[in-house]
Protein chains: 4
Amino acid sequence: MSPKKVNKEERRREVALACFDLIHDVGMKNITVAQVAKSAGIGKGTVYEYFENKEDIIFEIINVHIEYHHKMFLEKIKDVKSTKEKVFHFFDFVMNETEENIRHFNGYREYLSIVLAEENESMCNFNTSCTEFFQNQLKEIIEEGINNEELLPIARNFVDGIMLFEKGVVLMKMTQTSFDAKFSCEKFLNNIFEVIEKKQ
Amino acid sequence: MSPKKVNKEERRREVALACFDLIHDVGMKNITVAQVAKSAGIGKGTVYEYFENKEDIIFEIINVHIEYHHKMFLEKIKDVKSTKEKVFHFFDFVMNETEENIRHFNGYREYLSIVLAEENESMCNFNTSCTEFFQNQLKEIIEEGINNEELLPIARNFVDGIMLFEKGVVLMKMTQTSFDAKFSCEKFLNNIFEVIEKKQ
Amino acid sequence: MSPKKVNKEERRREVALACFDLIHDVGMKNITVAQVAKSAGIGKGTVYEYFENKEDIIFEIINVHIEYHHKMFLEKIKDVKSTKEKVFHFFDFVMNETEENIRHFNGYREYLSIVLAEENESMCNFNTSCTEFFQNQLKEIIEEGINNEELLPIARNFVDGIMLFEKGVVLMKMTQTSFDAKFSCEKFLNNIFEVIEKKQ
Amino acid sequence: MSPKKVNKEERRREVALACFDLIHDVGMKNITVAQVAKSAGIGKGTVYEYFENKEDIIFEIINVHIEYHHKMFLEKIKDVKSTKEKVFHFFDFVMNETEENIRHFNGYREYLSIVLAEENESMCNFNTSCTEFFQNQLKEIIEEGINNEELLPIARNFVDGIMLFEKGVVLMKMTQTSFDAKFSCEKFLNNIFEVIEKKQ
DNA sequence: GATGAATGAGTTTTCATTCAT
DNA sequence: CATGAATGAAAACTCATTCAT
């Protein structure tokens with residue numbers, strides 16, 4: 001909490017941000033400390049002033065990366081009115097094929113690869129909290145929909161199912177080149193909403 | 001003169017099998033060729049008589065591993081009578097907590113890590129075919145269930161959903177330490193069967 | 001001189017001959033014993049029945065190669081009548097741009113590379129005898145020319161010079177891509193013959 | 001803050017120089033990076049701070065080696081007055097039997113071996129420029145001789161011949177143990193000067 | 001604080017040669 | 001005689017981390 005620590009935290013972010021293009025070019029696991037230093041315009045030794053080790057650097061990069069996308073998620077969902085749209089927005093991660101989202105998706109794929117290798121405990125923990133974040137978001141969306149009388153109370157039972165379905169789509173999209181995520185999601189969501197939407 | 005020709009395919013399997021414990025101890029990506037050679041009780045150079053390179057070794061190990069489990073899957077499902085049981089069996093991979101299955105599950109986790117890193121094309125292709133194998137198995141189970149009049153024809157619409165749900169459970173179980181796969185699956189499957197099962 | 005030895009000598013030649021294309025494809029220094037065995041259609045171990053070691057193989061290949069070209073040289077020079085033509089023929093090695101001669105020239109380049117590396121004493125010795133062979137050929141050609149009264153007796157003084165000039169052209173052609181061997185040789189030889197040719 | 005930046009070019013030279021004895025002992029192609037590091041009194045990794053790869057090391061060693069001898073050539077020729085002496089000096093490389101020149105000559109032999117193996121493009125190019133350097137030096141010497149009225153204008157026609165003769169002597173000396181370079185050169189040069197020298 | 005030069009452990013891969021059959 | 005399976009020494013190269021300045 002001392003001013004120094006704040007500064008350190010800031011510097012970590014700066015370095016992480018400076019690595020965005022680098023990550024894209026060479027991949028998360030292939031970056032070297034030398035490249036990080038160069039990208040950030042600092043000395044190799046200086047990197048170690050702010051980071052414990054290389055893992056710590058990758059962790060920070062992912063942190064910044066994902067926090068940004070969480071923020072974007074909240075940002076975008078704010079302006080969305082109907083619950084159905086919000087839930088569809090929840091699937092944006094796997095359905096949106098914009099350049100930006102593809103980059104983000106690929107970044108998450110690399111991240112997941114590291115997590116599955118169980119190479120980094122803090123990254124595993126962070127992944128847990130990310131999942132929980134989105135799980136809670138979905139829960140809130142659904143609850144709000146019930147409160148708004150857009151959804152039937154039964155919708156509550158489907159929160160986990162929807163979330164797990166989305167995870168499955170993530171995995172399929174990451175591993176199966178011919179998988180049509182958009183088609184699967186739309187079919188699934190429309191079916192679900194048949195059941196949970198309150199009819200006037 | 002003497003027919004000393006060795007069956008390469010068989011030797012590959014033997015070496016791969018000899019690495020099972022090794023894999024468990026150090027992880028798939030961390031094995032060294034030296035360790036493989038030692039585990040198989042052969043020289044380092046001999047390893048290269050049977051494998052192109054280190055990736056090829058890992059690939060063979062995974063192949064043997066997964067083929068075994070495919071065979072086991074078919075074996076076990078043969079004796080199962082009801083369609084519901086068969087579908088539950090389809091979820092055995094994520095629900096079964098026996099020592100053996102946990103090892104298999106962890107093997108697949110490591111494998112997935114490599115696939116997600118997109119480091120090895122042949123492994124990506126192999127993963128694709130694995131997914132297709134199980135997808136087809138599920139399709140057959142459901143079709144059979146419909147033919148047997150155990151399931152309603154509407155069940156066909158749920159094949160993809162079930163498969164994606166399972167994938168989602170796989171991913172959650174791999175990344176979320178506190179996730180209760182068994183509970184989620186049972187709830188989901190019971191709900192599904194409420195809808196697709198033919199009532200007498 | 002026992003029949004076995006003769007047989008062995010023959011087998012060596014056979015193996016060497018079988019390697020001609022191989023040499024061309026991968027280069028003299030890069031051939032492996034395994035490739036030699038395969039090219040010759042025999043087992044790797046059998047190669048060692050006929051050759052001491054890898055160097056011995058290369059040596060035999062070069063031997064066969066060069067002997068063949070010595071034979072060709074003698075063959076072709078037989079039909080040549082005038083001394084001037086014979087001397088020009090002596091320069092065929094560096095002036096002839098037929099596919100076949102280019103292959104031969106490149107073979108000799110590789111061979112020289114090994115000799116210069118002083119890696120193989122027997123090859124050095126063999127090279128010495130090759131040089132002597134051609135030096136003697138030139139000497140004979142010139143002597144014959146003097147006897148035939150085509151050349152002046154002074155021509156004897158130029159034998160070494162011509163031979164060394166040819167060596168120089170060999171080296172230049174091997175190392176300088178833009179060197180025009182034909183042009184240099186023709187100019188040189190025409191100048192020389194101005195001086196040594198007997199005018200009627 | 002402190003300017004610890006190291007002069008890479010200088011360090012390359014230092015390492016190269018430190019390898020002179022090593023080269024002599026084991027040969028240019030047989031040195032290992034480990035040996036280079038040890039000879040230079042640095043770590044193996046440090047070698048790679050200054051050199052791209054092993055070839056780069058060898059190249060630098062040759063560069064330093066040859067540059068030094070070019071410099072010596074120019075140095076020595078400066079003090080030589082008569083054109084004849086200068087041309088004899090041009091043949092110093094093959095005639096001089098001092099310890100130092102023998103080492104230099106052997107170094108060049110090894111170098112040529114690499115060039116002839118066509119293993120290294122930059123070394124081939126460098127060799128081309130070396131040849132051109134000496135060719136130009138000879139041209140200048142001859143032109144100067146003509147200007148000084150020491151040589152007849154006809155001398156111009158002999159530049160290429162002299163150069164190629166020297167190359168031939170180089171090759172002979174490198175491959176024929178019993179070859180008397182000094183004798184051949186002296187005979188040749190005296191004959192040539194009979195023709196090109198201006199008589200008073 | 002900042003730096004970047006120095007480091008060396010650790011890994012993959014090749015291939016001539018041997019020798020049991 | 002012939003074979004080819006087995007071998008292991010040997011070598012290049014990478015890169016996270018340290019620490020003197």
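All heavy atoms count here, side chains included; hydrogens, waters and symmetry mates do not. Chain letters run A, B, ... following the sequence lines, proteins first, then strands; residues in each count from 1.
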Chemist: By side chain to side chain contact (heavy atoms under 4.5 Å, CB included), which residues pair with C:Glu14, not counting sequence neighbours?
Modeler: C:Arg11
Chemist: If the condition is side-chain hydrogen bond (donor to acceptor under 3.5 Å, both in side chains), which residues does B:Thr128 pass it with, not counting sequence neighbours?
Modeler: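 If we apply the side-chain hydrogen bond (donor to acceptor under 3.5 Å, both in side chains) test to B:Thr128, skipping adjacent residues, there are no hits.
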Chemist: How does each nucleotide of nucleotides 12-17 of chain E score, in 5' to 3' order, for protein heavy atoms under 4.0 Å: base (B), sugar-phosphate only (S), or none (-)?
Modeler: SBBBSB
Chemist: Between C:Gly41 and B:Val47, just flag the one whose closest nucleotide in DNA chain F comes earlier from the 5' side.
Modeler: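 Nearest-nucleotide comparison on DNA chain F picks C:Gly41.
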Chemist: For DNA chain E, which residues in residues 9-20 of chain D have a heavy atom at a distance below 4.0 Å?
Modeler: D:Arg11
Chemist: Looking for any heavy atom pair under 4.0 Å, which part of the strands does C:Phe51 touch: base, sugar-phosphate only, or nothing?
Modeler: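 The answer is nothing, as C:Phe51 stays clear of every strand by at least 4.0 Å.
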Chemist: Nearest-Å distance, CG (B:Asn7) to P (F:dG4)?
Modeler: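 Answer to the nearest Å: 15 Å.
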Chemist: Among residues two or more places apart or on two chains, list those pairs meeting ring pair (Phe, Tyr, Trp, His ring centres under 6.0 Å) that have a residue in residues 10-51 of chain A.
Modeler: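 Those involving residues 10-51 of chain A are A:Phe20-A:His65.
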Chemist: Parallel, tilted or perpendicular: which fits the ring planes of C:Tyr111 and C:Phe126, with parallel below 30° and perpendicular above 60°?
Modeler: tilted
Chemist: So what stems show up for DNA chain F if we need 3 or more Watson-Crick or G-U pairs in a row, all under 3.5 Å?
Modeler: E:2-21 with F:2-21
Chemist: Just jot down the salt bridge (charged side-chain N to carboxylate O under 4.0 Å, His left out) partners of B:Asp25, sequence neighbours excluded, or say none.
Modeler: none
Chemist: Sequence neighbours left out, cut at 3.5 Å: what donor-acceptor pairs do the side chains of residues 35-44 of chain C make with other protein atoms?
Modeler:
| unit_1 | atom_1 | unit_2 | atom_2 | d |
| --- | --- | --- | --- | --- |
| C:Gln35 | OE1 | C:Thr32 | N | 2.9 |
| C:Gln35 | OE1 | C:Thr32 | OG1 | 3.4 |
| C:Ser39 | OG | C:Gln35 | O | 3.0 |

Chemist: Which residues satisfy the side-chain hydrogen bond (donor to acceptor under 3.5 Å, both in side chains) test with A:Tyr108, sequence neighbours excluded?
Modeler: A:Asn127
Chemist: What residues, two or more places apart in sequence or in another chain, satisfy salt bridge (charged side-chain N to carboxylate O under 4.0 Å, His left out) together with C:Glu110?
Modeler: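 Checked C:Glu110 against salt bridge (charged side-chain N to carboxylate O under 4.0 Å, His left out); zero matches.
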Chemist: Whole angstrom is fine here: how far is it from CD1 in D:Ile58 over to P in F:dA11?
Modeler: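 These atoms are roughly 13 Å apart.
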Chemist: Output all residues satisfying side-chain hydrogen bond (donor to acceptor under 3.5 Å, both in side chains) with C:Arg109, sequence neighbours left out; order by chain, then residue number.
Modeler: C:Asn106
Chemist: Could you state the CD1-P distance from A:Ile57 to F:dA16, rounded to the nearest angstrom?
Modeler: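 Value for this atom pair: 8 Å.
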Chemist: Regarding A:Asp56 and A:Lys8, does a basic nitrogen lie under 4.0 Å from an acidic carboxylate oxygen?
Modeler: no
Chemist: Not counting sequence neighbours, which residues clear salt bridge (charged side-chain N to carboxylate O under 4.0 Å, His left out) with D:Glu121? List them please.
Modeler: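 Partners of D:Glu121 under the salt bridge (charged side-chain N to carboxylate O under 4.0 Å, His left out) test: none.
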